Each structure stands twice: as structure tokens, then as C-alpha cells.
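Side chains included, hydrogens not; waters and symmetry mates left out as well; all remaining heavy atoms used. None of the values given here were measured: they were computed from a predicted structure. One-based numbering along the sequence shown. Whatever order the structure lists ligands and atoms in, that order sets their numbers, starting from 1.
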Amino acid sequence: MEIHKYEKAWLVGALVLIFFFIGTIAYVSAVVGVDMVDDSGGALDVDEVSEDERFADPRVEQVGEDEYEVYMIAQQFIFRPGTHDTVDVPENSEVTFYVTSIDVIHGFQLVGTNVNTMVIPGQVAEITVEFDEPGEHGIICNEYCGDAHADMEGLLVVHPEDEWEEMQGGDG
Ligand code: CUA
């Protein structure tokens with residue numbers, strides 16, 4: 001029957017379109033490497049953040065010769081660490097950030113780098129960056145998170161190696 005033929009053609013056409021859309025999304029996320037939400041750090045119950053060994057004491061931790069990990073909490077309207085105290089790392093280092101939120105969705109963008117992710121309560125965003133040059137990078141929240149969203153910012157300082165060594169030799 002003719003109607004049946006048309007219907008079939010439409011069905012095939014719709015399926016082709018669906019696969020095209022899915023394929024486009026898969027291509028963008030897999031090949032181009034665009035992450036809408038980075039939850040590679042895993043899930044984490046918001047109520048248990050204060051008991052989590054990474055986030056109970058948000059900090060910068062040295063985990064290898066030139067490798068550091070930063071455990072950071074985003075909340076209305078500060079980054080801990082980052083806002084009240086700077087995040088300090090040395091030049092020529094590889095730094096992995098683990099960022100979680102304890103209230104609403106925030107953003108975590110490091111100005112002058114390609115670090116830019118969403119921070120979602122209950123999930124840990126994990127993102128690694130190499131710092132080859134000393135300098136300062138602003139930390140900004142780019143997800144609207146409340147009335148002081150525009151003031152939610154912090155600072156990361158990449159210290160020259162000699163300066164870093166002096167800092168380490170200080171009070172330890
Ligand atoms: Cu936090 Cu906007």
C-alpha cells in the first residue's frame with residue numbers, strides 16, 4: 001500500500017535524524033572533547049562532605065615530585081581554598097583539582113587556562129592542568145548561584161621555583 005510506503009519512509013527518515021543527533025553529541029564529547037559536566041571525580045553525598053578525607057580539610061597536597069592535588073569546596077559565595085587564602089602551587093607542576101559544592105551549582109574557571117567546569121552538589125569535578133609558567137590565575141564562578149554570584153572569586157598563584165622552595169623551607 002502506498003500509505004504504508006510513505007509511513008516507512010518517514011520512519012526511516014526520523015531514525016536517520018535521531019542517529020545523526022546522537023552521533024553529533026557523541027562526536028563532540030568523545031572526539032572534540034567538550035565536557036558539559038565533569039563528574040569524573042565520582043559522586044559524594046553532600047551531607048558527608050565534612051567527613052570526606054579529601055574535603056574535610058580543603059587544601060593543596062603534594063602527591064608526587066611535581067604533582068599536586070587540590071581539594072576544593074565551592075559554596076555561596078567562596079572557594080575554599082581560593083577566596084580567603086590563595087591556592088599556591090609551584091611552576092612546572094601538574095595539578096589535579098577535585099572540586100565539589102555543598103549548596104548549589106557553581107562554576108570553576110581558571111582564567112588563562114582551559115580549566116572550566118561546572119561544580120554540582122553531590123558530584124566531584126576532577127580536572128588536571130599543567131603550570132609551566134609562574135603567574136596568577138583568577139578563579140571565577142560562571143554559573144549563576146545567588147545574589148553575590150558576581151563576587152564569587154578566588155586566586156591561584158603559580159610560584160617561581162626558588163620562591164616555592166623558600167615557602168616550603170619556612171615554617172613547614
Ligand atoms: Cu558560585 Cu556563581
Visitor: Does the ring centre of F131 sit less than 6.0 Å away from the ring centre of W164?
Guide: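 Not close enough - the centres of the two rings lie 6.0 Å or further apart.
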Visitor: Check all N, O or S atoms of H149 and name the one closest to atom 2 (Cu) of ligand 1.
Guide: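 Result: ND1.
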Visitor: Return the minimal non-hydrogen interatomic distance between M72 and F79, and the atom names on each side.
Guide: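 Looking at all heavy atoms of both residues, the shortest contact is SD-CD2, 3.9 Å.
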Visitor: For atom 2 (Cu) of ligand 1, give me the closest N/O/S atom belonging to E143, just the atom name.
Guide: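 Closest N, O or S atom of E143 to atom 2 (Cu) of ligand 1: O.
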Visitor: Got an N, O or S from M152 under 2.8 Å of atom 1 (Cu) of ligand 1?
Guide: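 Given the 2.8 Å cut-off, M152 counts as a ligand of atom 1 (Cu) of ligand 1.
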Visitor: Considering just N/O/S atoms, say which atom of H106 is closest to atom 1 (Cu) of ligand 1.
Guide: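 This turns out to be ND1.
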Visitor: Write down the atom of T128, the atom of E94, and the distance for their closest heavy-atom approach.
Guide: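 For T128 and E94, the tightest heavy-atom pair comes out as CG2-CG, 3.6 Å.
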Visitor: So, D103 and H106: side-chain donor and acceptor under 3.5 Å apart, yes or no?
Guide: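 Side chains of D103 and H106: pair found under 3.5 Å.
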Visitor: Just wondering, is there an N, O or S atom on C145 that's nearer than 2.8 Å to atom 2 (Cu) of ligand 1?
Guide: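 Yes, C145 qualifies, because one of its backbone or side-chain N, O or S atoms lies under 2.8 Å.
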Visitor: Could you tell me whether atom 1 (Cu) of ligand 1 has an N, O or S atom of C141 under 2.8 Å away?
Guide: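 Of the N, O and S atoms in C141, at least one lies under 2.8 Å from atom 1 (Cu) of ligand 1, which means yes.
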Visitor: Quick check: do N142 and N116 have side-chain heavy atoms less than 4.5 Å from each other?
Guide: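 Sidechains of N116 and N142: in contact.
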